[in-house]
Visitor: 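The structure's right below; bear with me while I get my questions together.
Protein chains get the first letters and strands the later ones, always in sequence-line order, with residue 1 at the start of each. Bear in mind the structure is a predicted one, so any value in this text is a computation, not a measurement.
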Amino acid sequence: MKIIVCVKEVPDTAIALKIKSDSTEIETENIPWVINPYDEYAMEEALRLKERFGGNVTAITVGRKRAENILRNCFALGADRALIINGESFKDNLAVSKILTKVIKNMGYDVILCGKESVDYGYAQTGQIIAGLLRIPCVSAIKKLDISPSTKEAVCHREIEGGLEVVKCSLPAVFTAQKGLNVPRYASLSGIMKAKKTKIETLEPDALDLNLSNYKAKIKIINLSYPPKRPEGKIIQGTLPDTAKELVRSLREARYI
Amino acid sequence: MSDKEIWVIAEYDEKGIKKNTWESVSAARLLSEHLKLKPAVVILGNGIQRFAEELSKEVELVYSIEHLLLSKYDSNAYVSSIYSLIKDKKPAIIIASATFRGKDYIPMLSAKLDCGLISDCVGFEVKDTILFKRAVYGGRLMAAVMYEGAELLIVTIRPRSFEHRKIETAKGEIIQFKPNLEQNDILVAVREIIKEVGKRPDLSEADIIVSGGRGMKGAENFKLLEELADILGGAVGASRAVVDEGWMPHLFQIGQTGRVVSPMLYIACGISGAPQHLAGMSTSKCIVAINKDPNAPIFKIADYGIVDDLFKVVPVMIQEIKSEGTRNDKGGIFAWKMLL
């Protein structure tokens with residue numbers, strides 16, 4: 001089974017974010033980068049499929065050289081191959097998804113896994129666009145994946161508002177991972193040692209013979225800002241049951257309840 | 001007004017047109033005023049006459065795409081049906097809701113059209129051009145985004161970001177459209193739907209959310225929050241710590257790796273307020289925090305706070321609310337939720 005996992009590096013979600021003076025990007029000097037948490041679920045699911053059915057797992061990312069670190073992490077976890085596409089010329093999500101598709105198309109695939117969104121810009125589009133361009137089924141925000149290699153079919157649980165949909169599709173297909181799909185493993189020490197020596201393939205867009213005018217960004221961020229500060233609230237002073245009664249009275253007065 | 005149209009793609013369930021669709025209609029009207037576009041709404045399904053009529057009461061033009069193969073949702077069938085209508089009518093903008101369904105098929109539609117897609121918008125700002133506002137980094141920053149493409153633009157809108165302003169128009173025109181679909185166009189077949197929230201509203205639709213954190217101490221104690229949520233007609237939510245502990249399923253998680261919510265009232269019980277949680281709820285209209293720790297960061301953003309044991313505070317609240325009732329009981333604006 002040929003499994004491809006699309007991954008992305010994102011700023012560690014635990015750090016404080018600072019906006020650059022030009023207001024269109026965040027400060028990225030010396031901040032820790034991690035693999036997008038939803039992509040970790042995608043990677044874990046890929047490794048489980050490989051363990052169950054055999055085959056190989058390729059991790060692929062579009063980004064700058066720094067993103068090699070998350071690919072090394074994928075190697076350490078058990079990926080067989082890792083590929084980085086130099087992403088300087090691709091500025092929006094559609095362009096990135098198109099270049100991913102172009103590369104994936106030449107690789108062959110049975111299952112393509114992505115995170116359901118990235119925790120930085122959160123467009124939640126990449127997997128679906130890839131499926132759309134490859135003209136294969138896509139199931140987004142999955143929480144369970146059962147694959148039957150003999151019939152080349154997948155049954156999965158997809159999250160919807162207030163519940164789940166049980167859906168069925170044929171392979172090859174794209175699946176985007178929601179939290180709850182699995183619990184990602186930690187890399188083993190031997191995995192980490194091996195990953196240090198493994199070669200990461202780099203692909204320059206020039207080598208792909210692209211018509212770059214088809215990859216021009218259509219969407220541009222022109223300003224980043226901090227959300228408006230909430231006004232100072234009030235702590236209801238006193239003791240129970242008066243405080244709780246006062247709270248209910250205030251909420252009723254403001255017509256929230 | 002130009003002949004160019006701005007479309008809203010409708011969502012509905014057995015009770016009728018969904019609230020998020022009416023919000024999108026109001027958003028479309030805002031854009032249509034600035035861009036001089038004609039609002040229209042598109043609905044897909046089978047046996048959807050009554051939904052089309054419901055829409056036609058508030059929108060001048062309704063495209064009703066009916067086909068037996070649209071009885072159940074399938075992204076590819078949706079995409080190819082909408083695609084053929086687009087090729088015919090050439091709208092300028094398409095708006096859909098950033099629901100799980102919208103997020104599923106809309107990017108595939110944008111791929112097929114090779115057009116721009118700005119997903120999960122929470123507002124617009126009209127300057128020389130239109131800026132689309134969206135929350136990034138899980139709500140910790142806001143981005144203003146501009147569309148630079150020349151052709152059709154698709155926008156998805158986060159539920160509860162726009163207010164539904166009801167406009168009674170003269171009865172709108174309903175235009176039937178029959179797509180060319182075959183069985184092999186269905187790529188992802190829905191076999192079954194499993195409801196997990198029971199009678200309570202979904203987090204994205206709830207006016208009131210009662211949410212619990214590590215201070216809840218165990219899965220069994222969520223009964224208390226469910227009781228409070230039920231008398232308020234609200235939903236129950238949880239912090240990541242609660243989900244990681246296995247006390248509540250992930251479906252209920254609010255925050256950066258869970259759901260982003262924006263209710264009228266958010267009651268945080270035993271939640272300290274980690275940045276990743278605040279990112280998912282800080283746009284709530286009113287925030288109440290109940291926590292034993294006076295230094296919990298949640299108090300910094302709360303409109304009302306009580307520093308005390310939630311297991312003592314919540315029962316008093318329940319009793320107080322029960323003794324005088326809520327607006328809910330008087331058939332007020334929350335009555336619709338009781339139907340869910």
Visitor: Please check if the side chain of Thr243(A) supplies one atom and the backbone of Ile306(B) the other of a donor-acceptor pair under 3.5 Å.
Guide: no
Visitor: So, the side chain of Arg134(B) versus the backbone of Gly122(A): is there a donor-acceptor pair under 3.5 Å, distance only?
Guide: yes
Visitor: Apply ring-ring contact (aromatic ring centres under 6.0 Å, His included) to Tyr105(B) and list each qualifying residue two or more places apart in sequence or on a separate chain.
Guide: Tyr78(B)
Visitor: Taking His250(B) for the side chain and Lys179(A) for the main chain, is one N or O donor matched with an acceptor at less than 3.5 Å?
Guide: yes
Visitor: Side chain, backbone, both or neither: which part of Asn76(B) has a heavy atom under 4.5 Å from chain A?
Guide: neither
Visitor: For Glu117(A), enumerate each residue passing the side chain to side chain donor-acceptor pair (under 3.5 Å) test, keeping only those at least two apart in sequence or located in another chain.
Guide: none
Visitor: For each of Lys285(B), Lys300(B), Gln319(B), tally heavy-atom pairs with chain A at distances under 4.5 Å, and name the one with the top tally.
Guide: Lys285(B)
Visitor: May I ask you to name which of Ser282(B), Ser110(B), Pro294(B) has the most heavy-atom pairs under 4.5 Å with chain A?
Guide: Ser282(B)
Visitor: Looking at Arg140(B) and Asp120(A), does any basic side-chain N land under 4.0 Å from a carboxylate oxygen?
Guide: no
Visitor: Chain A heavy atoms under 4.5 Å from Ile287(B): which part of the residue, side chain, backbone, both or neither?
Guide: both
Visitor: Tell me, please, which residues at least two apart from Tyr121(A) pass ring-ring contact (aromatic ring centres under 6.0 Å, His included).
Guide: Tyr137(B)
Visitor: Can you say whether Thr257(B) sits under 4.5 Å from chain A via the side chain, the backbone, both, or neither, judging by heavy atoms?
Guide: both
Visitor: Quick check on the structure: residues of residues 212-224 of chain A within a heavy-atom distance below 4.5 Å of chain B, by number.
Guide: Ala217(A), Lys218(A), Ile219(A), Lys220(A), Ile221(A), Ile222(A), Asn223(A), Leu224(A)
Visitor: Can you check side chain to side chain donor-acceptor pair (under 3.5 Å) on Thr99(B) and Glu161(A), steps first, answer last?
Guide: CA-CA 7 Å; Thr99(B) 53; Glu161(A) 280 75 15; 4.6 Å; no
